Amino acid sequence: MRNLVLILGDQLDRQSAAFDDFDPEQDVVWMAEVAEESTKVWVHKARIVTFHSAMRHFAEKLRAEGIPVDYLKLDAAENPGSFGAALEMAASHLKPKKIIMVEAGEWQVRENFRARAESLGLPLDECEDRHFLASHADFAKHLKGRKQLRMEFFYREMRVKHQVLMEAGKPVGGEWNFDQENRKSFSKEGPPLHAAPRCFKPDAITQEVMRVVEARFPGHPGSLADFDWPLTTDEARLCLQDFIENRLANFGDYQDAMWTREPWLFHSRLSVVMNLKLLDPREVIAAAEKAYRSGSAPLAAVEGFIRQIIGWRGNVRGIYWHFMPGYVGLNELQATQPLPKFYWDGQTEMNCLHDAIGQTLRYGYAHHIQRLMVTGLFSLLLGVRPQAVHEWYLAVYVDAIEWVELPNTLGMSQHGDGGIMASKPYIASGKYIQRMSNYCSGCRYDPAKSTGANACPFTTLYWDFLMRHEDRLKQNQRMSMQVRNLNRLSEGDKTAIREQAEAVRQRLQA
Ligand code: FAD
Ligand code: SF4
């Protein structure tokens, strides 16, 4: 045997560089389901099923093409449970001369494979991941000479480089960003009528994986009762088409809006298939741009959607690889509280958290504003240790992979990186949630109140956060209005808020 071509669960891309020189006569694809990937954090059952079933479907597709695949199933008697030991086993029976893989999507996984290949005395050929629109070299070029990283500048460079929504060297519509037209809330009647997203009933392969996961990880969070994620490239394309036809036109307007028992609204549900590399972001971007050019979706919606992918997604990946391994340990605000227990079961009287966590446990999904301005906001205001928050987000979302999850959680949401990712902490009181959703109307708390028996814990903790971090926030121009408002409170109000915030923290620690 010549090369062992190692494919991880988030590398399910037939066009990847790992296959460039593949010769079925001399090479073998190696894939392994290992328990350590589901236990290093307390992984949601739906995330485990998504990865393993998508891997099994991919392996079937390769075999159908005549590509030899050596596949280690989770429930195989000989499975040693870790990548390192599994690779050692494979190397001893396949005896390859070299290992080829696309660079891993997690720093520690990459380091482990490098160390294991070295200990096995095998050369490891790591190829760049062509899935992304920006290479590491592109991002390094973008960083050069910059004191501050801001997504908007990276986004513009990528628009020009890939000629997305460009005309005669200028952005289509004369502006780079149409955000001021986006981000509306729903009227009292709730979201306009919209079709449910296309979903995919578990086939025989998925059902088999579900059985294994239920038997092997019965105590893990989440449920499989509603499992319906796309798990192949064909399904991913159907999902994309469904989004473009039925939801893209309203994406911009309602991308920040939330509504009880409406998990999907006008979102695409495409993160999981892009992150597993089943779907190329170029294909997604081209389909969205085509919808604008053919008149079926407005520019503000299309530009807003494309910015999430070219801008945010590309930018967080660049930040992850540039700042790791130190990034994961950052805790600029010195937050030390434990994560409240209700994050794992949704049992809280706070209606917004109950709904967002409830759907997370049911589907392994919450949309961006639920992640940032409900679950993320609460842990930031409460002062939870960012590493505990990171472990929760890495565990509970089907699309969670460290390169994308960590900068979003530790950086954007918890401000643990002190501003590398976002120029200010994303903080708000319960009134923001009231404006963007119907959660507060069904809640026992009042978002306008910061003290008293029915004070909204978000609102109490918001003012308390401003007080705790006032010296730091005063230095930040973008926070000046919030700090000025704080200074309008009387000393008596401030003391009462501090006491109530302390009581909330004590209660949640008990
Ligand atoms: P849509 O709302 O339809 O957006 C379209 C696409 O844009 C997404 O599929 C995604 O690929 C991309 N996108 C949008 N926002 C971001 C962003 N901030 N960073 C990167 N890509 C973005 N996304 C993940 O893919 N995996 C994660 O583990 C993850 N963890 C997050 C943790 C926190 C605390 C926060 C605030 C955000 C996180 N995100 C993560 C980003 C975002 O919330 C999800 O990408 C999005 O909710 C996925 O749903 P969707 O596909 O329906 O997205
Ligand atoms: Fe959430 Fe506060 Fe609104 Fe209740 S009142 S739903 S806790 S923001």
Side-chain angles (χ1 to χ4, degrees), residues 10 47 105 151 197 239-240 243 247-248 251-252 254-256 258 260 263-276 279 281 284-285 288 304-317 319-320 348-356 364-380 386 389-390 392-414 421-422 426 428-450 454-462 504:
D10 63 341
R47 183 174 179 271
M151 182 280 291
C239 226
L240 170 62
F243 169 69
R247 298 194 299 288
L248 173 61
F251 174 85
Y254 300 124
Q255 80 190 82
D256 287 4
M258 301 173 278
T260 319
W264 322 113
L265 291 166
F266 299 97
H267 293 273
S268 68
R269 300 195 349 145
L270 291 171
S271 52
V272 62
V273 281
M274 282 195 278
N275 294 353
L276 265 53
L279 194 60
V284 179
I285 291 162
F305 177 71
I306 287 178
R307 179 159 22 92
Q308 307 307 312
I309 297 172
I310 302 191
W312 283 113
R313 190 168 184 266
N315 195 49
V316 298
R317 178 173 182 258
I319 288 178
Y320 178 80
T348 166
E349 287 183 304
M350 290 178 271
N351 201 33
C352 51
L353 283 160
H354 177 75
D355 189 80
Y365 178 89
H367 70 68
H368 187 68
I369 289 301
Q370 293 174 308
R371 296 187 206 197
L372 185 65
M373 298 307 285
V374 179
T375 43
L377 174 62
F378 192 75
S379 54
L380 171 66
V389 188
H390 152 58
W392 183 77
Y393 278 95
L394 190 60
V396 298
Y397 291 108
V398 288
D399 57 23
I401 299 173
E402 197 173 86
W403 65 264
V404 53
E405 176 278 325
L406 182 66
N408 269 300
T409 304
L410 188 135
M412 185 194 278
S413 161
Q414 302 302 298
M421 173 82 186
Y426 280 91
S429 73
K431 296 206 89 168
Y432 171 85
I433 294 176
Q434 183 183 38
R435 195 167 66 247
M436 298 311 296
S437 74
N438 67 340
Y439 290 144
C440 302
S441 59
C443 186
R444 89 159 192 76
Y445 298 111
D446 178 349
K449 296 222 164 95
S450 52
N454 62 343
C456 165
F458 280 84
T459 305
T460 309
L461 293 169
Y462 165 74
V504 172

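Counting starts at 1 for both ligands and their atoms, in listed order. Note that the structure is predicted; figures quoted are calculated from it, not measured.
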Inset, instruction - Starting from atom 3 (Fe) of ligand 2, locate the nearest protein heavy atom and write down its residue, its atom name and how far away it is, to 0.1 Å. - result: Cys440 SG, 2.3 Å

Legend entry - Close side-chain approach of Phe458 to Leu353, heavy-atom, < 4.5 Å: yes

Legend entry - Closest to atom 26 (N) of ligand 1 (judged by heavy-atom distance), picking from Ile401, Thr375, Asp399, Asn408: Asp399

Inset, instruction - Report, in ascending order of atom number, the atoms of ligand 2 lying under 4.0 Å from any heavy atom of Gly430. - result: 8 (S)

Inset, instruction - Look at Cys456 and state whether any of its N, O or S atoms is less than 2.8 Å from atom 3 (Fe) of ligand 2. - result: no

Inset, instruction - Name the closest protein heavy atom to atom 5 (S) of ligand 2, giving the residue it belongs to and the distance to 0.1 Å. - result: Tyr445 O, 3.4 Å

Legend entry - Heavy atom of the protein closest to atom 6 (C) of ligand 1 (residue, atom name, distance): Ile309 CG1, 3.7 Å

Inset, instruction - Using a strict cut-off of less than 4.0 Å between a Lys/Arg side-chain nitrogen and an Asp/Glu carboxylate oxygen, indicate whether Arg371 and Asp399 qualify as a salt bridge. - result: yes

Legend entry - Which of the ligand 1 atoms, numbered from 1, are nearer than 4.0 Å to a heavy atom of Met274: 9 (O), 11 (O)

Legend entry - Stepwise side chain to side chain contact (heavy atoms under 4.5 Å, CB included) check, Met421 with Val316: CA-CA 8 Å; Met421 173 82 186; Val316 298; 3.1 Å; yes

Legend entry - Residue that, paired with Tyr439, satisfies side-chain hydrogen bond (donor to acceptor under 3.5 Å, both in side chains) out of Gln434, His354, Gln370: Gln370

Inset, instruction - Return yes or no for this condition: an N or O of His267 is under 3.5 Å from an N or O of ligand 1. - result: yes

Legend entry - For Tyr439, atoms of ligand 2 separated by under 4.0 Å from a heavy atom: 6 (S)

Inset, instruction - Could you tell me whether the side chains of Glu405 and Tyr397 share a donor-acceptor contact shorter than 3.5 Å? - result: no

Legend entry - Nearest neighbour in protein (non-hydrogen) for atom 45 (O) of ligand 1: Ser271 CB, 4.0 Å

Inset, instruction - State whether a side-chain donor-acceptor pair under 3.5 Å links Asp355 with Thr260. - result: no

Inset, instruction - Provide the number and element of each atom of ligand 1 under 4.0 Å from a heavy atom of Asn275. - result: 24 (C), 25 (O), 26 (N)

Inset, instruction - Please report which non-hydrogen protein atom sits nearest to atom 15 (N) of ligand 1, along with the residue it belongs to and the distance in Å to one decimal place. - result: Gln308 OE1, 3.5 Å

Legend entry - Option of least heavy-atom distance to atom 49 (O) of ligand 1 (set: Phe305, Trp264, Tyr365): Tyr365

Inset, instruction - Could you tell me whether a side-chain N or O of Arg317 sits under 3.5 Å from a main-chain N or O of Val404, the two making a donor and an acceptor? - result: no

Legend entry - Within-shell test, Tyr397 vs ligand 1, heavy atom, strictly < 4.0 Å: no

Inset, instruction - Could you find the nearest protein heavy atom to atom 40 (C) of ligand 1 and give me its residue, atom name and distance? - result: Arg371 NH1, 3.5 Å

Legend entry - Mutual orientation of the aromatic rings belonging to His367 and His267 [parallel < 30°, tilted 30-60°, perpendicular > 60°]: parallel

Legend entry - Donor-acceptor pair, side chain of Ser413 and main chain of Leu372, under 3.5 angstrom: no

Inset, instruction - Step by step, work out the side chain to side chain contact (heavy atoms under 4.5 Å, CB included) result for Trp403 and Asn275. - result: CA-CA 10 Å; Trp403 65 264; Asn275 294 353; 3.9 Å; yes

Inset, instruction - Please determine if atom 1 (Fe) of ligand 2 has an N/O/S atom from Cys352 lying under 2.8 Å away. - result: yes

Inset, instruction - Take Leu265 and Tyr254 through the test side chain to side chain contact (heavy atoms under 4.5 Å, CB included) and record every step on the way to the result. - result: CA-CA 8 Å; Leu265 291 166; Tyr254 300 124; 6.0 Å; no

Legend entry - Selection from Tyr393, Trp392, Trp312 by shortest heavy-atom distance to atom 34 (C) of ligand 1: Tyr393

Inset, instruction - Walk me through it: do Met373 and Tyr432 pass the test side chain to side chain contact (heavy atoms under 4.5 Å, CB included)? - result: CA-CA 9 Å; Met373 298 307 285; Tyr432 171 85; 3.6 Å; yes

Legend entry - Trp312 six-ring centre to Arg307 NZ/CZ under 6.0 Å and within 45° of normal: no

Legend entry - Distance-only N or O hit between ligand 1 and Leu372, under 3.5 Å: no

Legend entry - Protein contact of atom 23 (N) of ligand 1 - nearest heavy atom, named by residue and atom, plus distance: Val404 CG2, 3.7 Å

Legend entry - Those atoms of ligand 1 less than 4.0 Å from some heavy atom in Leu270: 9 (O), 51 (O)

Legend entry - Check: Leu406 main-chain N/O paired with Thr409 side-chain donor or acceptor under 3.5 Å: no

Inset, instruction - Say whether, by atom type as modelled, one donor and one acceptor occur between the side chain of Gln414 and the main chain of Leu380 under 3.5 angstrom. - result: yes

Inset, instruction - Please check if the side chain of Thr459 supplies one atom and the backbone of Ala455 the other of a donor-acceptor pair under 3.5 Å. - result: no

Inset, instruction - Run the contact test for Phe251 against ligand 1 with a 4.0 Å cut-off on heavy atoms, strictly below, and give the result. - result: yes

Inset, instruction - Determine, considering heavy atoms only, which of His390, Arg313, Arg269 sits nearest to atom 21 (N) of ligand 1. - result: Arg313

Legend entry - N/O separation below 3.5 Å, Ser268 to ligand 1: yes

Legend entry - Contacting atoms of ligand 1, where contact means under 4.0 angstrom from a heavy atom of Ala366: 47 (O)

Legend entry - Heteroatom proximity flag, Thr409 to ligand 1, N/O under 3.5 Å: no

Legend entry - Distance-only polar pair, side chains of Tyr393 and Glu402, donor-acceptor under 3.5 Å: no

Inset, instruction - Between Ala428, Cys443, Pro457, Pro447, flag the one that comes closest to atom 4 (Fe) of ligand 2 by a heavy atom. - result: Cys443

Legend entry - Element-labelled atoms of ligand 1 that are located less than 4.0 Å from some non-hydrogen atom of His367: 47 (O)

Inset, instruction - Return yes when Pro281 approaches ligand 1 closer than 4.0 angstrom through a heavy atom, no otherwise. - result: no

Inset, instruction - Give the atoms of ligand 1, by number and element, whose distance to some non-hydrogen atom of His368 is under 4.0 Å. - result: 18 (N), 36 (C), 37 (C), 41 (C), 42 (C), 43 (O), 47 (O)

